[in-house]
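The model shown is predicted, which means the values in this text are computed figures rather than measured ones.
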Amino acid sequence: MRIGFDLGGTKMLAGVLDGENNLLGRSKAKTGGGGNDEVISQILEVTRAAIAAAGNPEITAMGIAVPGPIDIGLGMILEPPNLNLRNAPLAKILKQELGFPVVLENDVNAGLWGEYVAGSARGYQHVIGIFPGTGIGGGIILEGRLFRGKMGSAGEIGHITVQSDGRLCGCGNFGCLETVASKTAIARDLAVLAMNGRSPVLAAAGASDIRMVKSGLIAKALKAKDPGVAEVVQRAAMFLGIGMAAMVNTFDPELIVVGGGLVEKLGDSFLKAAETSMRARAMPRLVEGVAVKAASLSDNAAVIGAADLAGRSLAS
Ligand SMILES: [Zn+2]
C-alpha cells in the first residue's frame with residue numbers, strides 16, 4: 001500500500017491506495033497556521049488518520065504533493081507562497097517519524113499524473129494539463145513520462161505572455177496568461193461589474209470585494225444571465241485557448257486535460273469556449289487530432305498521482 005498526500009495552503013488531504021490506485025482510506029484537515037513544526041505535526045496527524053481509516057495496512061511509500069518550488073532530489077520544500085513552511089527537509093523529517101520512504105512532487109505535476117494513471121488522461125501518452133485557479137498551473141507528460149525540465153519547473157503555462165502590454169503579473173512580467181484567464185483575473189473583472197451594478201447576483205453576494213468571488217458564485221451569476229458576466233468568462237476562456245494553442249504547437253500532444261475548481265463549477269461551456277479558441281489559433285494539422293477533456297478526479301488527483309509517482313520512483 002502507498003499513501004498520497006496533497007498539502008495545500010488551505011487544506012490538506014491524505015489517501016491510502018492499493019496497487020490499482022483504489023482509495024482505501026482518507027483523511028483531511030484545514031491547513032493551520034504556525035511555522036514548520038506546527039504544519040509538520042499536522043501532516044503527521046492527517047497521515048496517521050488516513051492509515052487508520054484504511055485499517056492500518058503496511059505502507060511502503062508516501063508521495064506528498066506540495067505547491068512549488070521544491071528540490072525533489074533533496075526532498076526539500078523551499079518557499080511556497082500561501083504555506084507556512086520554509087526550507088523544510090520535509091521528506092527526511094516525515095520518513096523519520098513515519099518509518100517509510102517519502103517522495104516530494106510539485107502539486108500540479110502530481111495532479112496531472114493522477115489523471116494520467118486513474119482519470120481522464122488514462123490511455124494517452126502525450127498529455128498537457130492546465131489548471132486555472134488562483135494562478136494557472138500546468139504540467140507536461142511526454143511519451144508516458146512526466147517532463148520536469150532542468151529545475152523541476154517545466155509547464156509554467158500561466159506565465160506565457162499573451163498580451164505584450166498587459167497587466168503586471170506576480171512573476172514580474174506583463175500580460176501573462178494568468179493575468180487574464182485565471183480565476184483571480186475573472187474575479188477581478190466581475191468585482192467591477194458588481195460595483196457598477198451590472199450583476200445583481202454578484203452585488204447581492206458582496207462581490208465588489210474580489211475575495212468574495214468564488215467559482216460557485218461565478219457559475220451562479222452566469223446562470224442568472226447577469227449582463228456582462230458571460231462576456232467576462234468568455235474572454236477568459238478565449239485567452240485560455242490561446243495558451244492551449246501554444247501548447248499544441250510546441251508539444252504536439254494527443255490530449256489537453258483542464259482541471260481545477262473553476263472548470264468544475266463552470267463546466268462544459270467554459271471548456272468548449274476555450275477549445276474553440278484553441279482550434280482557431282493552433283496550427284490546423286497539429287490541432288486536428290487533439291482531444292480536450294475536463295479532469296475527472298477532483299481533489300483526489302494529486303493524492304493518487306503523488307502516491308503513484310512515489311511508488312514508481314522507489315521501484316526504479
Ligand atoms: Zn507571470
Subject >> Closest non-hydrogen atom pair between Cys176 and Cys171, with its separation >> reply: SG-SG, 3.7 Å
Original post:
Got more than 12 heavy atoms from elsewhere within 6.0 Å of CD, Gln163?
Top reply: yes
**OP:** Write out all pairs satisfying ring pair (Phe, Tyr, Trp, His ring centres under 6.0 Å) with one or both partners inside residues 104-151, taking only residues at least two apart or from two chains.
**Re:** Trp113-Tyr116
**OP:** Evaluate the side-chain proximity of Leu85 to Leu7: yes if any heavy-atom separation is below 4.5 Å, no if none is.
**Re:** yes
Original post:
To the nearest 0.5 Å, what is the distance between CD1 (Ile77) and CZ (Arg86)?
Top reply: 9.0 Å
Original post:
Given the rule that I, L, V, M, F, W and Y join up when any side-chain heavy atoms are under 4.5 Å apart, are Leu17 and Leu104 in one cluster?
Top reply: no
Subject >> Shortest non-hydrogen separation from Lys183 to Ser215 and the atoms involved >> reply: CD-OG, 3.2 Å
Original post:
In Å and rounded to the nearest 0.5 Å, what is the CG to CG distance from Leu13 to Asp6?
Top reply: 6.0 Å
**OP:** Establish whether Val117 and Ile3 are linked, either directly or via other cluster members, by ILVMFWY side-chain heavy-atom contacts under 4.5 Å.
**Re:** no
Subject >> Arg279/Glu275 under salt bridge (Lys or Arg N to Asp or Glu O under 4.0 Å): CA gap, chis, key distance, verdict >> reply: CA-CA 6 Å; Arg279 295 201 187 282; Glu275 183 177 346; 2.8 Å; yes
Original post:
Side-chain contact, heavy-atom cut-off 4.5 Å: Ile140 with Ile128?
Top reply: yes
**OP:** Kindly write out the residues that satisfy salt bridge (charged side-chain N to carboxylate O under 4.0 Å, His left out) with Asp209, not counting sequence neighbours, or none if the list is empty.
**Re:** Arg211
Subject >> CG on Leu262 to OG1 on Thr134, rounded to 0.5 Å >> reply: 10.5 Å
Original post:
Looking only at heavy atoms, which two atoms of Ala110 and Ala65 are closest? And how far apart?
Top reply: CB-CB, 3.7 Å
Original post:
Are the side chains of Glu115 and Val127 in touch, meaning some heavy atoms are under 4.5 Å apart?
Top reply: no
Original post:
Got a sec, which residues hit ring pair (Phe, Tyr, Trp, His ring centres under 6.0 Å) with Phe5, two or more places apart in sequence or on another chain?
Top reply: none
Original post:
Say you draw a straight line from CE of Met62 to CG of Leu94; how long is it, rounded to the nearest 0.5 Å?
Top reply: 5.5 Å
Original post:
Other than Leu314, what residues sit in its cluster of Ile, Leu, Val, Met, Phe, Trp and Tyr side chains whose heavy atoms are under 4.5 Å apart, directly or through others?
Top reply: Val103
Subject >> Leu168: hydrophobic cluster co-members (side-chain, 4.5 Å) >> reply: Phe174
**OP:** Starting from the C-alpha separation in whole Å, work towards a yes-or-no answer on side chain to side chain donor-acceptor pair (under 3.5 Å) for Asn106 and Arg148.
**Re:** CA-CA 10 Å; Asn106 166 282; Arg148 292 192 176 89; over 6 Å; no
Original post:
Counting heavy atoms not belonging to Gln96, are there more than 12 under 6.0 Å from its CD?
Top reply: yes
Original post:
In Å, rounded to the nearest 0.5 Å, how long is the span from CG of Leu240 to CD1 of Ile136?
Top reply: 5.5 Å
**OP:** State yes or no: do Ile40 and Val46 share one hydrophobic cluster built from I, L, V, M, F, W and Y residues joined by side-chain heavy-atom distances below 4.5 Å, directly or via other members?
**Re:** yes
**OP:** Drop me the distance from Glu45's CD to Ser27's OG, to the nearest 0.5 angstrom.
**Re:** 8.5 Å
**OP:** Report yes if the side chains of Val66 and Asp107 come closer than 4.5 Å at any heavy-atom pair, otherwise no.
**Re:** no
**OP:** Identify whether Leu202 and Leu222 are in the same connected component of the hydrophobic contact network (ILVMFWY, side-chain heavy atoms under 4.5 Å).
**Re:** yes
Original post:
Do the non-hydrogen side-chain atoms of Ile59 and Thr47 ever get within less than 4.5 Å of each other?
Top reply: no
Original post:
Would you say the side chain of His159 lies within less than 4.5 Å of the side chain of Cys169, judging by non-hydrogen atoms?
Top reply: yes
Original post:
Would you call Asp299-Lys11 a salt bridge at under 4.0 Å N-O?
Top reply: yes
Subject >> Which atom of Ala295 lies closest to which atom of Gly259, heavy atoms considered >> reply: CB-CA, 3.7 Å
**OP:** Using the side chain to side chain donor-acceptor pair (under 3.5 Å) rule, take Asn249 and Arg281 through it: C-alpha gap first, then chi angles, then the decisive distance, then the call.
**Re:** CA-CA 10 Å; Asn249 292 351; Arg281 292 180 183 265; over 6 Å; no
**OP:** Report yes or no: does Asp226 contribute a side-chain atom to a donor-acceptor pair with the main-chain N or O of Val229 at less than 3.5 Å?
**Re:** no
Original post:
Taking C-beta and beyond as the side chain, do Leu177 and Ile242 meet within less than 4.5 Å on heavy atoms?
Top reply: no
Subject >> Counterpart residues, salt bridge (charged side-chain N to carboxylate O under 4.0 Å, His left out), relative to Lys95 (two or more places apart) >> reply: none
**OP:** Over all heavy atoms of both residues, which pair between Met1 and Pro57 is shortest? Give the atoms and the distance, please.
**Re:** CG-CB, 3.6 Å
**OP:** With the side chain counted from C-beta on, respond yes when Lys220 and Lys214 share a heavy-atom pair under 4.5 Å apart, and no when they do not.
**Re:** no
Original post:
If you draw a 6.0 Å radius around CE in Met76, do more than 12 non-hydrogen atoms from other residues or ligands fall strictly inside?
Top reply: yes
**OP:** Of all the heavy-atom pairs spanning Ala91 and Val102, show the shortest one and how long it is.
**Re:** CB-O, 3.4 Å
